[in-house]
Amino acid sequence: MVSMDKERLLGKTLPELKALVQELGLPSFSAKQICDWLYKKKVDSIEKMTNLSLVNREKLSAKYEVGLVSPERVDASVDGTRKYLFRTLHGLVETVYIPEEDRATLCVSSQVGCKMNCLFCMTGKQGFSGHLTAADILNQMQSIPEADLLTNVVFMGMGEPMDNVEEVLKTLEIMTSDWGYAWSPKRITVSTVGLVPGMKRFLELSSCHLAVSLHNPIPEERYSLMPIQKAYPIAKVIEEIKKYDFSHQRRVSFEYTMFSGVNDRPAHVKALVSLLSGLECRVNLIRFHAVPGVPLEGSSMETMEKFRDELIHRGIMTTIRKSRGEDIFAACGLLSSNHTGKLNEMAKEN
């Protein structure tokens, strides 16, 4: 458990650590040593930073701690997916570990709850409680048993990353810097519903992949699913994205959850093709996972396959994303720290 009277070292950048050691009177080179212990060796205590002198470790420990927090709960799916529950200052968040043959992906949260209130998303139903810090986000990666197995991280858990863009960018800096995890940006994808100001900062200051929650290309229909459409219309979001280069290693993808009779008709194929014209991208079709109290049904697999084939025929790379962890409420749109037991009760009532 994180101490209330000590500050966390986890989540600090190299420049921040340089200022910290100077303030404490430690040698300047100890900032890099602390980075190595935090992000490469991933120690859980200052006492284990053995190339710092005992005196300097005591100075550091007087005001700081590493600040790792173990998960409070883990749920295991029949398909190997694991969902972890973490406690933060603002409440509980969920993190999903998704193992596959050739990769191991972690889906991390960036907020406790969410302000966006998309109709089909369980996280939005619980409202917004607070932003996660870079330490909170990195803790989701470092405090699970599978930490050293991870090949990819997606910011697609609870919350809207671009609504907490400064802490997300700080996390990405630590993940991709030589003094941090030294990950390639190609291993990281950050999602957004289309919050343009934060998205612009992300696109300018990071080289990680972008995923846009689209779900309907027809403006008035999208607004009925996603209130963000009123403030930032999807056409304006695409217009902004087209200012950046996605023709090389960086990718942009569009998430498209399919609802029967709502966004799965030929008119939607036509509108998608028009909207995404001239943009090098991929569309990921997602099966809708029923949310208690939401009057939507998922499209049939036959409809999804036909929709995919029509988009491919019109030149848009399109895939159907495999659903994972639905039995533990870990699939797309089902994360909520109002918690699994409560969700199971709601599902039975419906």
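These figures come from a predicted structure and were not determined experimentally. Numbers for residues simply follow the sequence, beginning at 1.
For the pair S109 (side chain) and M158 (backbone), a donor-acceptor distance under 3.5 Å is present. Panel note: side chain S177, backbone I174; no donor-acceptor pair is recorded below 3.5 Å. In this structure, N263 contributes its side chain and F259 its backbone to a donor-acceptor pair below 3.5 Å. Checked by atom type and distance alone, the side chain of K40 never pairs as donor or acceptor with a backbone atom of C35 at under 3.5 Å. With hydrogens and angles ignored, the 3.5 Å screen pairs a side-chain donor or acceptor of R57 with a backbone N or O of L52. Proximity of a side-chain donor or acceptor of N164 to a complementary backbone N or O of L132 within less than 3.5 Å is detected.
Remark: K236 engages no residue in a salt bridge (charged side-chain N to carboxylate O under 4.0 Å, His left out) (not counting sequence neighbours). In this structure D163 satisfies the salt bridge (charged side-chain N to carboxylate O under 4.0 Å, His left out) test together with K115, sequence neighbours excluded. In this view, K48 and D44 satisfy the salt bridge (charged side-chain N to carboxylate O under 4.0 Å, His left out) rule, not counting sequence neighbours. For K63, the side-chain hydrogen bond (donor to acceptor under 3.5 Å, both in side chains) partners two or more places apart in sequence, or in a different chain, are E23. For R222, the side-chain hydrogen bond (donor to acceptor under 3.5 Å, both in side chains) partners at least two apart in sequence or on another chain are Q229. Residues forming a salt bridge (charged side-chain N to carboxylate O under 4.0 Å, His left out) with K243 (at least two apart in sequence, or on another chain): E240. By the side-chain hydrogen bond (donor to acceptor under 3.5 Å, both in side chains) test, S61 is found to be paired with no residue, residues two or more places apart in sequence or in another chain being considered. With sequence neighbours excluded, the residues that form a ring-ring contact (aromatic ring centres under 6.0 Å, His included) with F128 are H131.
Taking 4.0 Å as the cut-off between side-chain N and carboxylate O, R251 and E280 do not count as a salt-bridged pair. Note on R265 versus E221: salt bridge recorded, some NZ/NE/NH1/NH2 to OD/OE distance being below 4.0 Å.
For residues 146-157, every residue pair satisfying the side chain to side chain donor-acceptor pair (under 3.5 Å) rule, not counting sequence neighbours, is listed here: Y84-E146. Pairs of residues two or more places apart, or lying in two chains, that qualify as side chain to side chain donor-acceptor pair (under 3.5 Å) and include a residue from residues 197-206 are E166-R201, E204-Y244. Sorted by first and then second residue, the pairs that involve residues 185-195 and meet side chain to side chain donor-acceptor pair (under 3.5 Å), not counting sequence neighbours, are E160-T192. Within the structure, the ring pair (Phe, Tyr, Trp, His ring centres under 6.0 Å) test picks out the following pairs touching residues 37-56 (sequence neighbours left out): Y39-Y181.
In terms of heavy-atom proximity, I241 sits nearest to V212 at CD1-CG2, 3.6 Å.
Y256 and H215 have tilted rings, their planes meeting at an angle from 30° to 60° on a 0 to 90° scale.
Remark: L60 CG to E65 CD distance equals 11.0 Å, nearest 0.5 Å.
More than 12 heavy atoms of other residues, nucleotides or ligands sit less than 6.0 Å from atom CG of D245.
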